Amino acid sequence: MKSYDLESFKGIIIAMYSSYDAEGEIDKEAARKLARQYASTGVKGLYVGGSSGEGMLQSVEERKQMLEAVIAEVGKELTIIAHVGAPSTRDSVELAIHAEKVGAHAVSAVPAIYYRLSPDSVESHWQAIIDSTALPFIIYHIPQTTGFQLSKSLLIKMAAQDKVIGVKISAESTFELQQFKAAGGKDFLVLNGPDEQYLAGRSIGADGGIGGTYGVMPELFLKVEQCYVQGEMAEAQKWQFIINDLIVELLSFPSLYGACKAILSVRGFETGQPRMPLLPIKDSDQERVEALNNRILDYILEAKG
């Protein structure tokens with residue numbers, strides 16, 4: 001049995017978007033404002049510095065600033081997971097040590113990117129992060145961007161350590177999710193990554209989810225979770241289908257990140273433009289963004305009953 005409180009990592013965890021000012025620098029006050037809004041929705045926690053947070057496009061110092069802002073605002077209310085994955089192990093370790101120092105509840109990391117790494121290299125990378133702090137560690141498995149396929153044998157080896165409490169699986173196969181859950185055992189967390197299959201992930205063994213589109217409609221994912229827990233599968237399916245229709249429209253913009261940031265801006269939460277090479281929305285898309293935002297807000301009202 002793991003010595004950490006696994007319950008605090010189960011449920012809906014928003015993969016938080018980073019906040020920038022007009023010059024593209026980290027805006028800590030805007031980040032705090034957005035974190036405060038998320039805390040009011042009832043989500044379990046925030047995942048800071050991941051794919052949706054543009055962590056790989058930021059300097060080590062910028063990533064520290066975002067994490068500091070979020071923890072200062074809601075660190076005593078929400079579970080904060082710091083994604084510390086970086087191209088170099090050295091930077092990842094520095095970020096992990098900082099995360100522990102400022103009060104994060106766990107760290108998480110993808111394999112080091114760019115180089116085609118062997119399983120031994122990835123294991124060594126993760127182990128260096130694990131050994132650098134007393135925080136629990138969550139593997140981040142996203143092979144479509146890292147090019148690394150996590151094997152069950154490596155997962156089992158890593159999961160045998162008390163500090164390794166789970167895996168965020170953003171691979172698109174729910175079969176793989178189920179296999180990882182079986183391999184890790186009942187005291188090992190599996191967190192669903194693909195937002196469009198949240199319900200599928202939960203029904204096949206996921207303990208919750210971490211997702212980027214949660215950030216513009218957390219209430220809808222909370223509705224799916226509520227229905228699932230209550231055994232109302234038809235209602236849960238209805239809301240997952242609504243979410244998926246909204247995700248299809250979000251994906252029709254130049255970038256998902258630009259669309260989500262634009263929706264947050266319409267609501268009064270300025271997070272700036274996504275960092276290049278991620279694209280912002282076009283001026284000609286603004287009317288469509290506003291219409292999509294209105295659709296989402298209508299569904300949120302309906303979900304709240």
Side-chain angles (χ1 to χ4, degrees), residues 9 13 15-16 18 47-60 62-64 66-67 81-100 104 106-133 135-181 183-184 188-195 201 206 209-212 257 275 277-278:
F9 297 95
I13 298 175
M16 186 164 171
S18 288
Y47 189 88
V48 183
S51 303
S52 298
E54 306 171 61
M56 290 297 185
L57 301 179
Q58 297 172 348
S59 68
V60 168
E62 287 176 318
R63 294 175 71 171
K64 290 179 180 180
M66 265 301 300
L67 183 63
I81 304 170
H83 176 255
V84 300
S88 78
T89 304
R90 182 173 181 169
D91 285 350
S92 291
V93 167
E94 181 178 342
L95 287 165
I97 292 171
H98 171 263
E100 181 177 41
V107 291
S108 177
V110 294
I113 60 170
Y114 180 76
Y115 293 101
R116 190 176 295 275
L117 299 175
S118 68
D120 287 346
S121 294
V122 173
E123 180 184 355
S124 296
H125 173 70
W126 280 336
Q127 196 62 53
I129 298 169
I130 293 163
D131 292 342
S132 69
T133 79
L135 294 176
F137 179 78
I138 298 171
I139 295 167
Y140 187 179
H141 176 51
I142 182 167
Q144 61 268 43
T145 61
T146 64
F148 181 78
Q149 182 61 45
L150 176 62
S151 66
K152 281 204 294 182
S153 61
L154 180 54
L155 179 82
I156 291 169
K157 185 177 182 180
M158 301 298 296
Q161 301 181 61
D162 184 57
K163 284 185 187 177
V164 183
I165 63 170
V167 57
K168 176 185 187 295
I169 175 168
S170 292
E172 296 174 355
S173 168
T174 51
F175 170 69
E176 188 173 29
L177 185 155
Q178 180 270 325
Q179 291 288 290
F180 281 2
K181 183 64 177 178
F188 185 75
L189 298 170
V190 173
L191 299 167
N192 184 78
D195 300 0
I210 300 171
Y257 309 99
R275 183 159 289 180
L278 300 175

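Bear in mind the structure is a predicted one, so any value in this text is a computation, not a measurement. Worth knowing before you read on, the calculation uses all heavy atoms, side chains too, and leaves out hydrogens, waters and symmetry mates.
Heavy atoms only, all atoms of each residue included: L150 and H141 are closest at N-CE1, 3.3 Å. Minimum interatomic distance between A15 and S52 (heavy atoms only, all atoms of both residues): O-CB, 3.6 Å. The minimum heavy-atom distance linking L154 with F148 is given by the pair CD2-CZ, 4.0 Å. Closest non-hydrogen pair, G53 versus S18, comes out as O-OG, 2.6 Å. Among all heavy-atom pairs drawn from E100 and S132, the shortest one is OE1-O, 4.3 Å. Here the closest heavy-atom approach between residue F9 and residue I138 is recorded as CD2-CD1, 4.2 Å.
Residues forming a side-chain contact (heavy atoms from CB on, under 4.5 Å) with F175 (at least two apart in sequence, or on another chain): S173, Q178, Q179. Qualifying salt bridge (Lys or Arg N to Asp or Glu O under 4.0 Å) partners for K152, counting only residues two or more places apart in sequence or in other chains: none. Judged as a salt bridge (Lys or Arg N to Asp or Glu O under 4.0 Å), and not counting sequence neighbours, the contacts of R275 are E62. Residues satisfying the side-chain hydrogen bond (donor to acceptor under 3.5 Å, both in side chains) test with D195, not counting sequence neighbours, are T213. Listed by chain and number, the residues in a salt bridge (Lys or Arg N to Asp or Glu O under 4.0 Å) with E123 are K157 (sequence neighbours excluded). Contacts of T146 classified as side-chain hydrogen bond (donor to acceptor under 3.5 Å, both in side chains), with partners at least two apart in sequence or in another chain: none. Residues passing the salt bridge (Lys or Arg N to Asp or Glu O under 4.0 Å) test with E176, sequence neighbours excluded: none. Judged as a side-chain hydrogen bond (donor to acceptor under 3.5 Å, both in side chains), and not counting sequence neighbours, S124 has no contacts. When the side-chain contact (heavy atoms from CB on, under 4.5 Å) test is applied to T145, the partners found at least two apart in sequence or on another chain are I142.
In this structure, CG on L135 lies 10.5 Å from CD1 on I97, to the nearest 0.5 angstrom. Interatomic distance, CG of L57 versus CZ of R63, reported as 9.5 Å (0.5 Å rounding). Rounded to the nearest 0.5 angstrom, I81 CD1 and L67 CG are separated by 11.5 Å. Note that CE of M56 is 7.5 Å distant from OG of S51, once rounded to the nearest 0.5 Å. The distance from the CG atom of D91 to the CD1 atom of I129 is 10.5 Å, given to the nearest 0.5 Å.
Within the structure, the salt bridge (Lys or Arg N to Asp or Glu O under 4.0 Å) test picks out no pair touching residues 108-118 (sequence neighbours left out). Within the structure, the salt bridge (Lys or Arg N to Asp or Glu O under 4.0 Å) test picks out the following pairs touching residues 48-57 (sequence neighbours left out): E54-K261.
The 12-atom threshold is not exceeded at CD of E172, counting heavy atoms of other residues, nucleotides or ligands nearer than 6.0 Å.
The backbone N or O of V84 lies less than 3.5 Å from a partner atom in the side chain of S92, making a donor-acceptor pair.
No side-chain heavy atom of L191 sits under 4.5 Å from any side-chain heavy atom of Y47.
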Per-pair distances, 0.1 Å, donor-acceptor, side chain in residues 160-170, under 3.5 Å, sequence neighbours excluded:
residue	atom	partner	partner atom	Å
Q161	OE1	Q127	NE2	2.9
Q161	NE2	Q127	OE1	2.7
D162	OD1	S3	N	2.9
D162	OD1	S3	OG	3.4
D162	OD2	S3	OG	2.5
K163	NZ	I130	O	2.9
K163	NZ	T133	O	2.5
K168	NZ	Y140	OH	3.3
K168	NZ	S170	OG	2.9

